[in-house]
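Notes follow the structure.
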Amino acid sequence: MSTLKADTIQSTSGGAATLTKQSAAKAWMFFDTNTGAVINDSFNVSSITDVDVGRTTGSWTNNFGNTTYSGVCNTNAGSGTLYTSFGTQANTNFGSRATGTFGVASYSEHNGAWKDGDLNDLIVHGDLA
């Protein structure tokens, strides 16, 4: 049996190596919107901006190759159930996606109002550019 040890693996062109027959998350983030827009920990997220109550936009460190990536976001505001939408637009629908940016919106089931959360998780799968 052989053992391969390496600190960095790159493609022959010097970029990120392509994974085959598996899919690792290409971006993830744990963030807080109760106290502004604070990234607690992340991978491939360069920044986030607090647009308004319950609405946050951000940028990827490395762009996605197209807009057909898939993302899931979960939000906890401390009380009650929140519904979360993942996309790119800083408005009420947050429905589309861009290769370099994204948006997250959260609102309360109790009154339908936008609501910030302190425990937010985002995971994205797709192909990077």
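Not measured: the values here are computed from a predicted model. In this chain, residues are counted from 1 in sequence order.
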Problem - D116 CG to N34 CG distance, which is reported to the nearest 0.5 Å - result: 5.5 Å
Fill in the blank from the handout: S106 and W114 have their tightest heavy-atom pair at O-CE3, 3.3 Å
Problem - Donor-acceptor pair, side chain of T33 and main chain of G117, under 3.5 angstrom - result: yes
Fill in the blank from the handout: ring-ring contact (aromatic ring centres under 6.0 Å, His included) filter on F64, not counting sequence neighbours, yields W60, Y69
Exercise for the section: Indicate whether the side chain of N120 and that of T75 have a donor and an acceptor atom separated by less than 3.5 Å. Expected result: yes
Handout entry: Separation between OG1 of T57 and CZ of F102, rounded to the nearest 0.5 Å
Key = 7.5 Å
Problem - S46 (side chain) donor-acceptor with S59 (main chain) under 3.5 angstrom - result: yes
Problem - Over all atoms of both residues, closest heavy-atom pair of A37 and T49 - result: CB-C, 3.9 Å
Completion exercise
Taking every heavy atom of M29 against every heavy atom of I39, the minimum-distance pair comes out as SD-CG1, 3.8 Å
Sequence neighbours excluded and cut-off under 3.5 Å, please list the side-chain donor-acceptor pairs for residues 121-129, or say none.
from: H125; atom 1: ND1; to: S23; atom 2: OG; distance (Å): 3.3

Handout entry: Exam field: side chain D41 to backbone F30, donor-acceptor pair closer than 3.5 Å
Key = no
Handout entry: Expected output: side-chain D32 to main-chain V38 donor-acceptor under 3.5 Å
Key = no
